[in-house]
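Okay, structure first, notes after.
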Amino acid sequence: MSALDPESAAPGNQDPTPTGAIPLVRIPPPPPPPEAPLTGAQPLPPLALDQQWYRRAVFYEVLIHSFADSDGDGVGDLHGLISKLDYLSWLGIDALWLPPFFPSPMADGGYDIRDYTGIDPRYGTMEDFRELVIEAHSRGIRIVVDMVLNHTSSQHPWFQASRRDPSGPYGNFYVWRDRPNEYLDARVIFVDTEDSNWAWDPVRQQFYWHRFFSHQPDLNFDNPAVREAMRDVVRFWCATGVDGFRLDAIPYLYEEDGTICENLGPTHRYIASLRDMVDREFPGTVMIAEANQPPHEVVTYFGTDENPECHICFHFPIMPRIFEALREESSHGLREVLAATPPLPKGGQWGTFLRNHDELTLEMISEEDRERMYAWYAPDARMRANVGIRRRLMPLLHGSRREVELADALLLSLPGSPFLYYGDEIGMGDDIRLPDRNGVRTPMQWDDSPGAGFSTADPSNLYLPVVSNPYYDQRAVNVSEHRTRPTSMLNWMRAMLRSRRSHPAFGIGSMTLLSTSDDAVLAFLRRDESETILCINNLATTPRSARIQLPGMAGWHLSDLGSGNWFPDVREDESVDITLARHGFYWLSVTFLDPEEDR
Ligand code: NOJ
């Protein structure tokens, strides 16, 4: 079994008997001042000049080990990803989000880090990483890396030192107690595998605190040395020329008895101090918050004008509402969550997504809604994981291209910067037989060859098998075929991304919900100083004709954003009637020009 094999990485197998001397903490050398050239990895001037790029960008999450294998060992790698940058540029991607690619036992897909400043040798070297940054930047693509501040792998040298030498320099790097009786109000997140946030360490003869797997001990942020060590890690990656960080699991940095140990004041203060540091030392570096919290809590991760924290916060609450809306054929839930979404502070942006490398989390909806989501989308128990659903977009929506397109149209038009998940642009399938969340992390399907164009290795030696369900295997779904077929999902997505890119109002404009005569029709305006776009979406499985109210727009003209074809003008009573096919949507330009001039 390869080390990436989920079986060999099962929880509980993670603490090898230590050998030899305890390695020292690798504190990277001080970074060069921002203006010093970084051996070629410096962003090109046009990239550096655009301080608000993240508000207009479309991000693409790519798992390096799943994307492209350049050396035939069955595991994707950095050179593989570099070889696909032209594809990503052709598709119209602005930035890549790379989940962890650091040395790791891979017991949590790499979020169990053994060395924060190294590259897992299966993926390449630091030189390869720098090459990736240079090559991506030369195509106008930015690079965002994951930063796991909250916890390390139990194989990390800090933990190994901490468990062996309580009074040594790392003795206080983790949260140790004699009895597991503190912080009992904190929920267990990985309910499938853990029943407590405390685990017993037979070496130190104490319990340690962990919010995720028990092989992922939480770092002790009360210790100033931990805070400084993690600041140094951030500096280290800034100095490689990356454009930003996705801050993993940030609500959980600090603990306090009598609280749920989430979103605490010191956590916010630490994030604000990180922001202050990157603003001063690496200006322009973007911080993205992974905080799976209700809207009023998520928004606190933007910080304030005086104490800014993150540039982008993922909008967890809106995502399940999109899926709910499709089954309920109603815009009610979406309207509710949009109304509950607080206004963004200056320079802030939502990060929106439909699917990612995790389960589709259902923590932000009520118990009752969760049960309905399971019934609709995860009838087979193997489709569920923790409090969520481990499926890819296309099979989740029962292979309905119309539904997928509508969901994508919402993703690309609702406020926020969209985060796409690799493979969803061709409607890749999943494999619910694989453990944990591996079923949605299978190799990218580039062509119809046995290794799906992902790898030349014997297919039985791939780190995870290619999807084998005949509706979704590499013969049925692959990039190469999609590229040649004008009506393919891939070509549709490319056209949508082009349209979004040429209309910045989608990224930076305001959003106004509109009244419609049919609850199944969701209509809203996206508006900046140069344009107004009317987005209309039919959530129903039947055609609908709806009256849409456009206050203050009597006599304005409507035309299709893509083709320029004219629609009926807004009537004197400030309304317009629009007919949509089932799951149909329109993006219409709204203008007050004299239509005769342009027709
Ligand atoms: C959030 C990551 O998205 C997820 O994949 C991981 O399991 C947890 N953090 C714990 O590291």
Side-chain angles (χ1 to χ4, degrees), residues 4 6 9-11 14 59-66 97-114 116 120 144-156 159 174 186-194 197 199 208-219 221 230 233 245-253 261-262 267 287-293 298 301 310 312-316 319 351 353-364 384-392 419-422 430 434-442 464:
L4 279 168
Q14 306 314 314
F59 291 76
Y60 184 93
E61 180 188 5
V62 56
L63 306 183
I64 291 175
H65 53 270
S66 306
W97 155 27
L98 307 178
F101 46 83
F102 320 110
S104 159
M106 290 300 280
D108 180 20
Y111 285 89
D112 46 329
I113 296 171
R114 192 165 47 202
Y116 281 97
D120 192 308
V144 168
V145 297
D146 237 294
M147 184 52 55
V148 186
L149 299 168
N150 183 65
H151 48 270
T152 69
S153 160
S154 54
Q155 291 188 14
H156 196 289
F159 187 75
Y174 296 84
R187 69 191 162 121
V188 171
I189 296 168
F190 281 174
V191 288
D192 284 359
T193 39
E194 306 296 335
N197 288 320
Y208 61 89
W209 179 250
H210 62 90
R211 287 311 298 267
F212 295 94
F213 288 121
S214 56
H215 57 74
Q216 283 167 315
D218 273 33
L219 284 162
F221 274 82
M230 295 315 288
V233 171
F245 298 98
R246 170 211 184 245
L247 302 180
D248 181 72
I250 44 167
Y252 319 110
L253 301 188
C261 297
E262 298 182 20
T267 296
M287 296 188 1
I288 303 172
E290 192 229 2
N292 188 359
Q293 300 287 325
V298 183
Y301 287 92
C310 295
I312 294 185
C313 292
F314 281 115
H315 199 322
F316 279 91
M319 179 271 297
F353 60 100
L354 293 169
R355 294 298 300 111
N356 61 23
H357 66 285
D358 284 330
E359 68 275 26
L360 186 170
T361 109
L362 300 175
E363 278 154 325
M364 289 304 114
R384 303 177 188 187
N386 299 314
V387 187
I389 299 172
R390 48 187 207 124
R391 305 211 66 192
R392 263 196 184 264
F419 284 67
L420 308 179
Y421 187 47
Y422 85 94
D430 51 32
L434 297 174
D436 197 1
R437 290 147 291 175
N438 287 342
V440 300
R441 300 172 180 178
T442 58
L464 281 176

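Just follow the structure's listing: the first ligand is 1, and inside any ligand the first atom is 1. What you are looking at is a predicted structure, and each value in this text was computed from that prediction instead of being measured. Only this structure's heavy atoms are used, side chains among them; waters, hydrogens and symmetry mates stay out.
Thr361 places none of its side-chain heavy atoms less than 4.5 Å from the side chain of Val387.
Protein neighbours of ligand 1 below 4.0 Å, counting non-hydrogen atoms: Asp108, Tyr111, His151, Phe190, Phe212, Gln216, Arg246, Asp248, Glu290, His357, Asp358, Arg437, Arg441.
Residues passing the ring pair (Phe, Tyr, Trp, His ring centres under 6.0 Å) test with Tyr174 are Phe159, sequence neighbours excluded.
Looking at Trp97 and Asp146, their side chains do bring a donor and an acceptor atom within 3.5 Å of each other.
The aromatic rings of Phe102 and Tyr116 sit tilted, their planes meeting at an angle between 30° and 60°.
Both cation-pi conditions hold for Arg392 and Tyr422: the charged atom is under 6.0 angstrom from the six-membered ring centre and inside a 45 degree cone around its axis.
A distance of 11.0 Å separates CD1 of Ile113 from CE of Met106, quoted to the nearest 0.5 Å.
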